[in-house]
Asks: 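Below is the structure I would like to discuss, written out as structure tokens.
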Amino acid sequence: MKHVILGAGPAGVIAAETLRKHAPRDEILLIGAEREPPYSRMAIPYLLSGQIGESGTYLRKRADHFQRLNIQVRQQRAKRLDAAARRLTLDDDSLLDFDTLLIATGSSPVRPPIPGLDLPGVHACWTLEDARAIERLATKGARVLQMGAGFIGCIIMEALALRGVQLTVVEMGDRMVPRMMGPTAGGMIKRWVESKGVTVYTGTRVEAIDSGTPLKVRLSNGQHLSVDLVISATGVKPNIAFLENSGVTCLQGVLTDEHMRTNVPGIYAAGDCAEALDLVTGRPIVSAIQPNAADQAYVAAMNMAGKPAVLKGVTQINVLDTLGLISTSFGLWQGVPGGEGVELTDEAQWKHLSLQFEADRLVGCNTIGWTEHVGVLRGLVEGRVRLGAWKDRLLREPTRLMEAYLACAQAQHQWQAARLKAAA
Ligand SMILES: Cc1cc2nc3c(=O)[nH]c(=O)nc-3n(C[C@H](O)[C@H](O)[C@H](O)COP(=O)(O)OP(=O)(O)OC[C@H]3O[C@@H](n4cnc5c(N)ncnc54)[C@H](O)[C@@H]3O)c2cc1C
């Protein structure tokens, strides 16, 4: 059997290694489009803050790691897939046949239509190449403008602050992390970041960037800023353009079932490019975080090796450290129509808790400063735990989360275990 894995990020690497373990004699080819050893984008902030060197971002430390596992690694980009013929066309027009294929091509930064986005001194923060450019320009005291205060934007901010730059953040949403946090939480994060010396403009767009040294940036609030570096962190989209007319069904990402199979037998997808079932809503979503990529890759590879495996689903989980303020967002944090919710906020202590219920289940939440309850919140949301009378208690006293978890989740687990035992 010949297995081709497109994409040499965390999903591709985990899939290749899982396949090698469970299909020891098969041919495995791992193809990545970047001129680097397989690396982790997640490690880029640590590189920028000087905590690690470039080799610290590599997913596997030994240079001969893949060779020792008899996994061929190639640097090429797929530009077309003919699913019926089971054939890829690569960027040098060579053709590549396969028995099974894993699409693990990740995602790429979106490019908002802003004049000047192509100028030198304007960079995304997505690849090692981007990181090298940022390292050159984000020197101590440099004026840096960051577009976007989403999940990735907030992570980058920490690294930039540690480099000692003068940072301005421009976010077009009405608050920070608007796709992860409600207004109270987003507002608290903004105030926290400002208290650390960062200038933040929410509800504001970058309208144009003019060339020169320094660059001149025009904002929608009428301000003109002179900066040495612009970082664009305005969201990402799955790398699926090469699948157009391929026969593989894509929505926002490559649509997969619980085995990470696409609609075409023998073709699988995993990671940031894949759309998998959300545990809370039961609908497919792209949840572009590394733990999801790892879980999906493992399940896909097991099935590619002929060993049935099922993904229990993905959750929208984000745990964020913004200059030392820890916030979390799980599931349907915005709440659901007809649902109930409760918020508890202590601005002075930088604490906030928002719980959202559908019937007697916790379907989503936002927290700031509640690090001790992260596991409990995740367990309640992902486990779709029926809270019964505890739902009303939590609406009155939301901090009794641990008690609710112990009373309901454990009882549910025991009941499920007893059912399984009886059925065996
Ligand atoms: C700065 C930063 C910080 C982050 N921090 C976190 C964090 O704290 N927690 C977290 O969970 N996630 C974080 N992420 C997100 C995380 O990095 C991604 O979820 C993860 O990389 C997804 O893995 P993947 O293998 O699906 O995709 P990727 O890592 O994007 O890998 C995709 C691979 O596909 C290759 N490729 C693309 N197109 C083609 C093609 N046509 N042909 C061949 N190869 C192709 C690419 O070269 C790459 O090798 C962060 C990301 C960034 C940029």
Side-chain angles (χ1 to χ4, degrees), residues 11 107 150-151 173 177-183 185-186 235-238 240 249-263 268-300 309-320 327-343 353-367 373-388 390-391 394-395 398 401 404-405 408-409 412-413 416:
S107 48
F151 177 61
V177 249
R179 283 173 297 283
M180 177 179 147
M181 290 285 170
V236 295
K237 61 174 187 328
I240 54 172
T249 303
C250 297
L251 301 175
Q252 283 196 55
V254 183
L255 190 63
T256 59
D257 66 8
E258 70 274 27
H259 305 284
M260 303 315 296
R261 295 180 297 209
T262 67
N263 61 311
Y268 297 75
D272 278 12
C273 68
E275 204 159 331
L277 218 58
D278 182 337
L279 279 176
V280 181
T281 62
R283 287 194 291 273
I285 53 158
V286 176
S287 184
I289 53 171
Q290 191 157 316
N292 282 334
D295 289 351
Q296 293 171 7
Y298 174 78
V299 169
V310 172
L311 187 80
K312 69 176 172 48
V314 295
T315 325
Q316 301 184 58
I317 308 169
N318 291 295
V319 179
L320 191 57
S327 57
T328 70
S329 164
F330 292 97
L332 300 168
W333 56 268
Q334 318 87 320
V336 292
E340 290 172 277
V342 59
E343 281 203 1
L353 180 63
S354 163
L355 305 179
Q356 299 298 327
F357 300 92
E358 183 174 34
D360 69 342
R361 288 190 166 107
L362 183 70
V363 289
C365 57
N366 272 169
T367 72
H373 286 321
V374 172
V376 164
L377 288 166
R378 181 177 179 174
L380 289 173
V381 174
E382 276 191 356
R384 296 186 53 72
V385 173
R386 301 210 68 134
L387 291 161
W390 269 100
K391 193 263 312 221
L394 285 177
L395 281 172
L401 279 163
Y405 182 79
C408 305
Q412 187 166 304
H413 291 154
Q416 279 166 343

Asks: Which pair of non-hydrogen atoms, one from A11 and one from A297, has the smallest distance, and what is that distance?
Replies: O-CB, 3.1 Å
Asks: On a heavy-atom basis, which atom in R386 and which in C408 lie closest, and how many Å separate them?
Replies: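 The pair with the smallest heavy-atom distance is O-CB, 3.6 Å.
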Asks: At their closest point, which heavy atom of Q296 faces which heavy atom of M260, and how far apart are they?
Replies: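 Taking Q296 first and M260 second, the nearest heavy atoms are O-CG, 3.4 Å.
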Asks: Can you tell me how far apart NZ (K237) and CG (D272) are? Round to the nearest 0.5 Å.
Replies: 13.0 Å
Asks: Please step through side chain to side chain contact (heavy atoms under 4.5 Å, CB included) for the pair L377 and L401, ending with a clear verdict.
Replies: CA-CA 8 Å; L377 288 166; L401 279 163; 3.7 Å; yes
Asks: Can you tell me if D278 uses its side chain to pair, donor with acceptor, with the backbone of I285 under 3.5 Å?
Replies: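 A pair under 3.5 Å: no.
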Asks: For V385 and G379, work out which heavy atoms get closest and say how close.
Replies: CG2-O, 3.9 Å
Asks: Between atom OG1 of T281 and atom CD of E358, what is the distance when rounded to the nearest 0.5 Å?
Replies: 10.0 Å
Asks: Check whether T256 reaches the backbone of E275 with its side chain - one donor and one acceptor, N or O, closer than 3.5 Å.
Replies: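 Here the side-chain-to-backbone pair exists.
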Asks: Yes or no on side chain to side chain contact (heavy atoms under 4.5 Å, CB included) for V374 and F330, after CA distance, side-chain angles and deciding distance?
Replies: CA-CA 9 Å; V374 172; F330 292 97; 3.8 Å; yes
Asks: Supply the atom-to-atom distance K312 NZ to E258 CD, rounded to the nearest 0.5 angstrom.
Replies: 14.0 Å
Asks: Without swapping roles, check the side chain of H259 against the backbone of L311 for a donor-acceptor pair under 3.5 Å.
Replies: no
Asks: Is there side-chain contact between L387 and L380, with at least one heavy-atom pair below 4.5 Å?
Replies: yes
Asks: Report the distance from atom CH2 of W333 to atom CD1 of I317, rounding to the nearest 0.5 Å.
Replies: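 Those atoms lie 16.0 Å apart.
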Asks: With the side chain counted from C-beta on, respond yes when L394 and L362 share a heavy-atom pair under 4.5 Å apart, and no when they do not.
Replies: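 Not touching, per the 4.5 Å side-chain cut-off.
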Asks: Measure from the side-chain N and O atoms of E343 to the backbone N and O of S354, and report whether any donor-acceptor pair falls under 3.5 Å.
Replies: no
Asks: Give me each pair satisfying side-chain hydrogen bond (donor to acceptor under 3.5 Å, both in side chains) with a member in residues 373-384, each pair once, sequence neighbours excluded.
Replies: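 For residues 373-384, and leaving out neighbouring residues, the side-chain hydrogen bond (donor to acceptor under 3.5 Å, both in side chains) pairs sorted by first residue read T315-E382, R378-E382.
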Asks: How close do A309 and V299 get, counting heavy atoms only, and between which atoms?
Replies: O-CG1, 3.6 Å
Asks: Do any N or O atoms from the side chain of N366 and from the backbone of M180 form a donor-acceptor pair under 3.5 angstrom?
Replies: yes
Asks: Is it true that, when you exclude F357 itself, more than 12 heavy atoms of the residues, nucleotides or ligands shown sit nearer than 6.0 Å to its CZ?
Replies: yes
Asks: Report the distance from atom CG of L355 to atom OG1 of T367, rounding to the nearest 0.5 Å.
Replies: 9.5 Å
Asks: Given the rule in the side chain to side chain contact (heavy atoms under 4.5 Å, CB included) test, do V314 and D295 qualify, once you have shown the distances and angles that lead to the verdict?
Replies: CA-CA 9 Å; V314 295; D295 289 351; over 6 Å; no
Asks: Which atom pair, heavy atoms only, marks the closest approach of G388 to D360?
Replies: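 In this case the closest contact between G388 and D360 is N-OD2, 3.0 Å.
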